[in-house]
Amino acid sequence: MKDDVARARALIAAADNVIVIAHERPDGDAIGSLLALNLSLQRMGKGSVPVLADGLPRTFAFLPGAQQVTTRIPDTADLLVVVDCSDLERTGFKAGAFPRKADINIDHHPTNTSFAQANLVYPRAASSTQVLYDLAPRLGLPIDLDVATNLLAGLITDTIGFRTSSVTPAALRTAADLLEQGAPLADIYERSLNVRSFVAARYWGRGLSRLRMDGGVLWTSLTLADRRAVGYSGSDDADLVNLMTTVEGARVVVIFVEQPGGKVKVSWRAREGLDVSRLASRFGGGGHVPAAGATLEGALEEVQARVLAATQALLETTKAGER
Ligand code: AMP
Ligand code: MN
Ligand code: MN
């Protein structure tokens, strides 16, 4: 990994035109990492373009540099940096859509496939922005207030406000450092985790009305019809999965979000050290031990049956309390 850091530093130093990209259906860590790195590279005097396949969600439009995000990959670049993605396909683009191979991969997913020339993957980091913060001095990346704000946004959102098991003393020290540099913690928290639209709350209602629990597995679905009925414009679960994890007795939480074109996005959240990342990997996805996802082909009912059977099987082989 030391070699990879040195290699990444040299690649960054030599580059003039950079493409930075994060994952599809971006969360706060994908966006925070993308914008922090993009702004930092620009502060170094480099050209840099932040790309998101699905564009920028409205919730994160307040972050510094957010208006620079584009959905179009530039035709040329001398450096491609991929952040918060366990593999290149997570960007939402095929490898052929990029003008070059991935040069640098900055991530914290244990399921990362080390797909770039320099792979900076630290599974114990609470967020990809934590990785960026830790490596910034060695990569020669400057951190100003705007960069700090984006870094803190990634850390706050991936830890759901510092309450996941991934929170370490280092994560809290990073937050303290960023706060000291002026990053508005309370404001970021409020805007990215607390506030939701009326439409999103009604969308939750559709999912909650179908909530089911069976043998420690709590699940529900959100359909294309639900989105149409309430006028929700996103293709995600509006964070309903995190609300579901507050239900007592739920050892594993699963949500099925119907997508256009006969696909279903599945998200798992687990308690008690149960490993849902391997389950997700088996379905072509990935993630972390307690939080993972995958996109499956098939009709909602059929995907639901397949995934619930596999999830129940995981619970049966892992008795309560066992890891
Ligand atoms: P989500 O279920 O989308 O909230 O994601 C939970 C965790 O799993 C996050 O760390 C995601 O980056 C990861 N994840 C979700 N979907 C996929 C996928 N298709 N492939 C790899 N990782 C994923
Ligand atoms: Mn992410
Ligand atoms: Mn992340």
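In this chain, numbering begins with 1 at the start of the sequence shown. One-based numbering, in listed order, for ligands and for the atoms of each.
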[X] neighbourhood, listing ligand 1 atoms whose heavy-atom distance to it stays under 4.0 Å:
X    : answer
G285 : 18 (C), 19 (N), 20 (N), 21 (C)
H288 : 10 (O)
A294 : 16 (N), 19 (N)
G287 : 8 (O), 13 (C), 22 (N)
A291 : 6 (C), 7 (C), 8 (O)

### Query
What's the atom name of the N, O or S in D84 nearest to the Mn ion (ligand 2)?
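For D84, the N/O/S atom sitting closest to the Mn ion (ligand 2) is OD2.
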### Task
Say whether, by atom type as modelled, one donor and one acceptor occur between the side chain of T220 and the main chain of I255 under 3.5 angstrom.
no
Do [X] and ligand 1 have an N or O pair less than 3.5 Å apart?
X    : value
D84  : no
S267 : yes
W268 : no
H109 : yes

Counting only heavy atoms not in [X], do more than 12 sit closer than 6.0 Å to its [atom1] atom?
X    : atom1 : value
R278 : CZ    : no
R173 : CZ    : no
R124 : CZ    : no

### Task
Please calculate the OD1(D27)-the Mn ion (ligand 2)-NE2(H23) angle and round it to 10 degrees.
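The OD1/NE2 angle about the Mn ion (ligand 2) sits at 80°.
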### Task
Among T317, D214, V307, find the one that has a side-chain contact (heavy atoms from CB on, under 4.5 Å) with Q312.
D214
Assess the side chains of [X] and [Y]: does a donor N or O sit below 3.5 Å from an acceptor N or O?
X    : Y    : result
T295 : R25  : yes
T223 : D226 : yes
T157 : D29  : no
N112 : N119 : no
D134 : Q130 : yes

### Query
What orientation do F93 and F98 show, parallel under 30°, tilted 30 to 60°, or perpendicular over 60°?
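F93 vs F98 ring planes: perpendicular.
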### Nearest neighbour of atom 21 (C) of ligand 1 from the list A22, S127, G286, on a heavy-atom basis
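The nearest heavy atom belongs to G286.
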Just need the protein heavy atom nearest to [atom], so name the residue and atom and give the distance.
atom                    : answer
atom 17 (C) of ligand 1 : G293 O, 3.2 Å
atom 3 (O) of ligand 1  : K265 NZ, 2.5 Å
atom 11 (C) of ligand 1 : R90 NH2, 3.4 Å

### Query
the Mn ion (ligand 3) as vertex, arms to NE2 of H108 and OD2 of D158: angle to 10°?
90°
### Query
Does the pair V257 and S267 meet the rule for a side-chain contact (heavy atoms from CB on, under 4.5 Å), with working shown?
CA-CA 8 Å; V257 185; S267 293; over 6 Å; no
### Within-shell test, R25 vs ligand 1, heavy atom, strictly < 4.0 Å
no
### Task
Pick one of side chain, backbone, both or neither for how R269 approaches ligand 1, counting any non-hydrogen atom pair under 4.0 Å.
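Looking at R269 and ligand 1, just side chain atoms fall under 4.0 Å.
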### Task
Quick one: look at S86 and ligand 1, take heavy-atom pairs under 4.0 Å, and tell me if it's side chain, backbone, both or neither.
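It is the side chain that touches ligand 1; the backbone stays farther off.
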#### Entry: Atom of D29 closest to the Mn ion (ligand 3), considering N, O or S atoms
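Checking each N, O and S atom of D29, the shortest distance to the Mn ion (ligand 3) belongs to OD2.
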